[in-house]
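Proteins get letters first, then strands, A, B, ... in listed order; numbering begins at 1 in each.
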4 protein chains.
Amino acid sequence: MAGASKEQLRDGAVRTAEIEAKPLPMTARGRRSRQALLDAANEVFARDGFADARITDIADTAKAAHGSFYTYFSSKEEIFVALLKELEEDLRSPAERNAEEPAESEDGQARDPYESILRANKAYLTAYRQHAAIMIVWEQVATLNAGVEDLRREASDRFAGRIESVIRHWQETGVADPALEPEYAALALTGMVSNFVYRWSARGSDYTLDKAAEQLSLLWANSLGVRVPGNRA
Amino acid sequence: MAGASKEQLRDGAVRTAEIEAKPLPMTARGRRSRQALLDAANEVFARDGFADARITDIADTAKAAHGSFYTYFSSKEEIFVALLKELEEDLRSPAERNAEEPAESEDGQARDPYESILRANKAYLTAYRQHAAIMIVWEQVATLNAGVEDLRREASDRFAGRIESVIRHWQETGVADPALEPEYAALALTGMVSNFVYRWSARGSDYTLDKAAEQLSLLWANSLGVRVPGNRA
Amino acid sequence: MAGASKEQLRDGAVRTAEIEAKPLPMTARGRRSRQALLDAANEVFARDGFADARITDIADTAKAAHGSFYTYFSSKEEIFVALLKELEEDLRSPAERNAEEPAESEDGQARDPYESILRANKAYLTAYRQHAAIMIVWEQVATLNAGVEDLRREASDRFAGRIESVIRHWQETGVADPALEPEYAALALTGMVSNFVYRWSARGSDYTLDKAAEQLSLLWANSLGVRVPGNRA
Amino acid sequence: MAGASKEQLRDGAVRTAEIEAKPLPMTARGRRSRQALLDAANEVFARDGFADARITDIADTAKAAHGSFYTYFSSKEEIFVALLKELEEDLRSPAERNAEEPAESEDGQARDPYESILRANKAYLTAYRQHAAIMIVWEQVATLNAGVEDLRREASDRFAGRIESVIRHWQETGVADPALEPEYAALALTGMVSNFVYRWSARGSDYTLDKAAEQLSLLWANSLGVRVPGNRA
DNA sequence: CATGAATGAGACTTCATTCAT
DNA sequence: TATGAATGAAGTCTCATTCAT
């Protein structure tokens with residue numbers, strides 16, 4: 001009478017209690033095992049996608065017994081979400097730390113708008129590239145699961161929101177085209193970059209990162225009406 | 001998706017592309033059954049995504065016996081591809097027929113570039129909107145299966161390719177920024193639109209289609225350096 | 001991604017729909033298979049009890065593939081309940097048909113009260129004996145599952161209720177001790193019989209059915225104050 | 001109860017009876033831990049029944065590590081038997097001490113038979129009531145495991161045996177109906193009481209203990225032919 | 001002794017696919 | 001062709017029990 005039976009018999013009332021996330025391990029050994037499973041999950045999800053990833057494979061890859069998986073996670077969903085949260089930290093560092101830097105360059109001058117755009121795009125492309133496989137899976141799963149969808153929307157809204165205020169600021173200071181709706185523009189332009197890198201990763205294209213960053217930034221700058229140094233009047 | 005499926009997808013990456021073993025039905029009754037299955041598949045894929053769609057559900061939705069499915073299709077992949085081919089016809093009509101029109105308006109004048117962009121975007125948004133759910137699934141499956149991936153790349157390359165030549169033409173005629181690489185720009189801009197409509201569908205946003213088309217076209221025109229009528233110099 | 005995954009991903013909202021009982025089979029072959037599973041379940045439950053019965057064993061006993069079980073039942077609980085319902089029919093026939101007979105014997109005389117008791121007890125013992133193993137399991141499972149508990153209570157209340165009115169009638173006609181509360185007495189006396197037969201079955205006792213019926217009836221008659229023919233004044 | 005359990009129960013039927021391998025703890029701390037596990041087991045068995053009780057839960061409830069369970073007990077069966085032995089002490093005190101009292105009341109007169117019955121029933125109902133949940137589990141497990149079955153039969157035989165001699169004695173002294181077989185009567189009447197209290201516990205009935213004791217005793221006395229003070233001739 | 005992590009056998013379920021009618 | 005029952009491989013999850021610290 002493995003598993004299901006108890007719940008079924010007792011109307012689930014007694015022990016169900018929603019989806020109680022497993023507690024973090026207390027010992028160092030436990031932490032190592034949990035981390036090994038997360039690393040393995042990253043590898044397996046990246047390779048097989050969400051739907052085809054098997055818990056068995058994750059455990060095997062982590063060199064753990066099947067059952068050990070359930071010591072730390074209660075489902076494929078749960079480890080996937082845990083993985084994304086870990087990933088977010090990584091992404092926030094390179095991608096956002098940059099944006100949080102002062103708007104001035106080293107020489108104390110206000111940073112040139114085009115240069116800001118270029119730096120941001122380069123940072124984004126770099127970060128995405130590094131985690132491309134799992135990012136793609138993330139995008140795929142987003143449509144299926146509310147929790148994941150939220151994480152994703154949150155992440156992209158945070159980014160788009162920052163861009164939106166920058167655009168607004170540039171409009172106020174006469175740098176950007178006032179005919180644009182900052183909300184639409186921010187959504188469209190951030191989407192342009194993420195879609196570009198997605199397709200770029202999906203096919204084995206041979207665009208270089210620098211060239212891509214430069215072209216995307218040029219489109220971005222033009223579209224906003226931001227002057228690009230060294231470009232035609 | 002028990003067991004078999006994974007293998008199929010994997011093998012599919014290698015072999016699928018041109019299977020389509022089952023012959024089209026000869027009798028009217030047969031054609032009706034096949035069409036019912038296709039319609040049902042559209043509904044089920046749109047609702048459940050590819051991985052979670054069950055052949056059982058497709059058959060049930062089509063009010064056919066499970067076994068009947070195999071009279072017309074030999075796998076989930078096959079009916080999915082058949083569905084996409086049907087879909088492409090629909091998409092080509094509104095979205096591309098437009099683009100295939102002569103570049104001149106009725107009065108014999110060369111069509112205004114911005115107007116071209118606006119028309120194209122509006123047509124694309126309209127078509128995508130109509131088939132949003134299945135388009136999203138298409139995008140998801142693209143990474144999993146080579147046959148589907150090909151269909152998808154083909155479709156978007158066809159579109160991006162056309163844009164690419166337009167840009168090239170506009171650069172030659174001094175309408176568009178010569179600093180742009182047409183290939184990058186076409187990929188990025190078509191991606192911008194498709195990503196926008198994707199996110200737009202995913203959330204229940206309340207942007208109107210006209211406003212969205214206008215803003216996207218404005219960004220697009222600006223980014224290329226195409227003059228927008230009635231906008232600041 | 002077998003089973004669980006879909007439900008988990010989609011919040012269970014779409015397809016869960018409570019516990020939709022499987023439809024009865026449409027073909028004769030299907031009916032035969034279903035019946036074979038029920039018979040097998042009877043055998044397995046009787047031998048192993050509810051908790052230790054394995055679906056695998058039921059399927060094997062019925063000479064069906066594991067998966068076939070799920071064509072007709074969706075869980076161990078469901079087949080168990082189906083089995084009990086079938087059992088009830090059997091029990092009702094010998095045990096109750098008897099009680100529903102006219103209160104007069106063939107010669108047109110009002111039936112002797114003691115004789116009524118004896119006949120009822122003998123019928124009950126006979127029926128219970130025949131299905132002893134599964135009845136015991138029924139009693140065990142009753143505490144665990146609300147649906148089964150209800151079935152059981154219903155069955156015994158129906159029996160106790162009938163006894164209660166008989167006692168009341170005998171009290172009114174001066175046959176039975178008026179100091180008794182019919183409700184308590186009915187519960188206690190029906191319980192006495194069912195408990196007796198339960199313990200009797202559990203151990204391999206060597207009491208004979210006739211002797212047991214006679215002794216139980218004697219206790220029963222005495223306790224109510226019903227005169228027993230041939231007994232001391 | 002994954003896998004192992006079934007075998008254990010089966011083997012248990014053959015071997016269990018006298019295992020009790022683990023030695024009692026030497027230190028005070030050890031004794032406290034053991035007792036905490038027993039108390040926890042009582043709670044968990046009462047709530048979940050035997051088959052669904054998990055060692056994990058027992059350990060958790062006792063606020064002990066899972067591993068600690070095995071310091072004191074080597075299986076679910078073992079702790080269950082240990083628990084029953086503890087329980088028996090409790091039951092023997094109120095229920096049997098009473099019966100072991102001299103058959104005379106304080107004034108030196110032989111105790112009235114009806115009064116004896118009433119006292120015994122009241123004591124039994126009280127004791128059972130107090131431990132109802134675990135008693136029910138006991139009854140259920142009895143069919144599964146020989147060791148437990150023995151304990152149970154021993155307990156009820158001890159009780160029924162005593163009743164049997166009382167009946168025999170009353171028959172010899174002309175107090176009870178000589179047509180009764182003392183063995184049957186004792187089994188049936190003790191069963192009547194235990195079944196009554198069982199059903200009474202199972203449903204949330206509102207019978208009072210005193211009323212129940214009185215009615216059961218009345219039935220009991222009547223059935224034996226024992227004169228009930230204050231009742232009709 | 002206590003702890004909590006690790007193990008793995010075993011049971012459950014699903015569903016694509018085949019087949020007899 | 002249509003039907004619906006049968007099959008079984010594959011994957012999920014649980015939990016008693018062992019073990020290193």
Side-chain angles (χ1 to χ4, degrees), chain A residues 1-8 23 25-34 52-57 59 63-72 74-76, chain B residues 1-8 25-27 29-30 33 53-57 59 64-72 74-76, chain C residues 1-8 23 25-34 52-57 59 64-72 74-76, chain D residues 1-8 25-27 29-30 33 54-57 59 64-72 74-76:
Chain A
M1 195 177 56
S5 153
K6 181 161 196 178
E7 299 315 314
Q8 289 166 0
M26 322 205 57
T27 69
R29 187 191 181 199
R31 274 190 297 279
R32 250 179 289 126
S33 301
R34 200 188 116 106
D52 288 333
R54 295 178 315 177
I55 289 185
T56 294
D57 286 342
K63 290 186 179 132
H66 297 176
S68 297
F69 177 90
Y70 294 92
T71 305
Y72 301 108
S74 31
S75 67
K76 207 158 57 158
Chain B
M1 199 176 56
S5 152
K6 181 166 193 177
E7 298 317 310
Q8 289 161 359
M26 316 286 323
T27 71
R29 185 195 185 195
S33 299
R54 300 181 313 180
I55 290 191
T56 295
D57 285 342
H66 300 179
S68 299
F69 178 90
Y70 292 91
T71 306
Y72 301 108
S74 38
S75 69
K76 203 157 59 154
Chain C
M1 196 177 55
S5 152
K6 181 164 197 176
E7 299 315 312
Q8 290 165 0
M26 322 205 56
T27 69
R29 186 189 182 201
R31 272 189 297 279
R32 251 179 288 125
S33 301
R34 201 188 115 106
D52 288 333
R54 295 179 314 177
I55 289 184
T56 294
D57 286 342
H66 297 175
S68 297
F69 177 90
Y70 294 91
T71 305
Y72 302 108
S74 33
S75 66
K76 206 159 55 159
Chain D
M1 196 177 57
S5 151
K6 182 166 192 177
E7 298 317 311
Q8 288 161 1
M26 315 285 323
T27 70
R29 185 196 185 193
S33 298
R54 300 182 312 181
I55 289 191
T56 295
D57 285 342
H66 299 178
S68 298
F69 178 91
Y70 292 90
T71 306
Y72 301 108
S74 37
S75 69
K76 204 159 56 157

**Student:** Between F:dT1 and B:Y72, is there an OP1 or OP2 to side-chain N/O distance shorter than 4.0 Å?
**Tutor:**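 Answer no for this pair, as no side-chain N or O of B:Y72 is under 4.0 Å from OP1 or OP2.
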**Student:** Which one, E:dC12, E:dA5, F:dA5, comes nearest to the side chain of A:M26?
**Tutor:**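 When the side chain of A:M26 is considered, E:dA5 is the closest of E:dC12, E:dA5, F:dA5.
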**Student:** When the distance from CG of C:D57 to P of E:dG10 is rounded to whole Å, what number comes out?
**Tutor:**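 So the CG-P distance, C:D57 to E:dG10, works out to 13 Å.
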**Student:** Mind checking ring-ring contact (aromatic ring centres under 6.0 Å, His included) for A:F69 and listing every partner two or more places apart, or none if nothing turns up?
**Tutor:**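 In terms of ring-ring contact (aromatic ring centres under 6.0 Å, His included), with neighbours along the sequence ignored, A:F69 is linked to A:F73.
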**Student:** On the nucleotide F:dT12, are OP1 or OP2 found under 4.0 Å from the side-chain N or O atoms that A:T56 carries?
**Tutor:**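 The answer is yes; a side-chain N or O of A:T56 sits under 4.0 Å from OP1 or OP2.
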**Student:** Which heavy-atom pair separates D:G30 from D:Y72 by the least distance, and what is that distance?
**Tutor:**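 So the two residues come closest at CA-OH, 3.3 Å.
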**Student:** Measure from the side-chain heavy atoms of B:A64 and tell me the nearest of F:dA5, E:dA5, F:dT3.
**Tutor:**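 Selected nucleotide: F:dT3.
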**Student:** Specify the residue among C:P25 and B:S33 whose closest nucleotide of DNA chain F lies further upstream toward the 5′ end.
**Tutor:**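 Final value for this comparison: B:S33.
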**Student:** For the side chain of B:T71, starting at C-beta, report the closest nucleotide among F:dA2, F:dT17, F:dG4.
**Tutor:**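 Nucleotide nearest to B:T71's side chain: F:dA2.
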**Student:** Do any side-chain nitrogens or oxygens of A:T27 fall under 4.0 Å of OP1 or OP2 in E:dT3?
**Tutor:**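 No, A:T27 has no side-chain N/O under 4.0 Å of OP1/OP2 on E:dT3.
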**Student:** Measuring from the side chain of B:R54 (C-beta onward, heavy atoms only), which nucleotide among F:dT1, F:dA16, E:dC15 has the closest atom?
**Tutor:**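 Closest nucleotide to the B:R54 side chain: E:dC15.
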**Student:** How does DNA chain F look in dot-bracket form if you count Watson-Crick and G-U pairs under 3.5 Å, write [ ] for pairs that cross, and put | where a base pairs with another strand?
**Tutor:** .||||||||||||||||||||
**Student:** Give the minimum heavy-atom separation between A:M26 and A:R31, together with the two atoms involved.
**Tutor:**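 Distance-wise, the nearest heavy atoms are O-NH1, 3.4 Å.
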**Student:** How long is the line joining CZ of C:R31 and P of F:dA6, in whole Å?
**Tutor:**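 Nearest whole value for this atom pair: 12 Å.
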**Student:** Which pair of heavy atoms, one from C:A65 and one from C:A59, lies closest together, and at what distance?
**Tutor:**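 Closest approach of C:A65 to C:A59: O-CB, 3.9 Å.
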**Student:** Of B:F69 and D:G30, whose nearest nucleotide on DNA chain E comes first from the 5' end?
**Tutor:**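 Looking at DNA chain E, the more 5' nearest nucleotide goes with D:G30.
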**Student:** Output the rounded distance in Å from CZ (A:R32) to C1' (E:dA6).
**Tutor:**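 My rounded result for the distance is 13 Å.
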**Student:** Contact class for B:S68 vs. all strands (heavy atom < 4.0 Å): base, sugar-phosphate, or nothing?
**Tutor:**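 Base, at least one base atom sits under 4.0 Å.
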**Student:** Write out a two-atom table: protein N or O, nucleotide N or O from nucleotides 18-21 of chain F, distance below 3.5 Å.
**Tutor:**
none

**Student:** Atom OG1 of A:T56 and atom NE2 of A:H66: how far apart are they, to the nearest 0.5 Å?
**Tutor:**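 Output value for this atom pair is 4.5 Å.
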**Student:** Specify the closest pair of heavy atoms between A:K76 and A:A53, including all atoms of both residues, with the distance to one decimal.
**Tutor:**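 Minimum heavy-atom separation between A:K76 and A:A53: NZ-O, 3.0 Å.
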**Student:** Which one, F:dC13, F:dT7, E:dC1, comes nearest to the side chain of A:I55?
**Tutor:**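 Shortest atom-to-atom distance from the side chain points to F:dC13.
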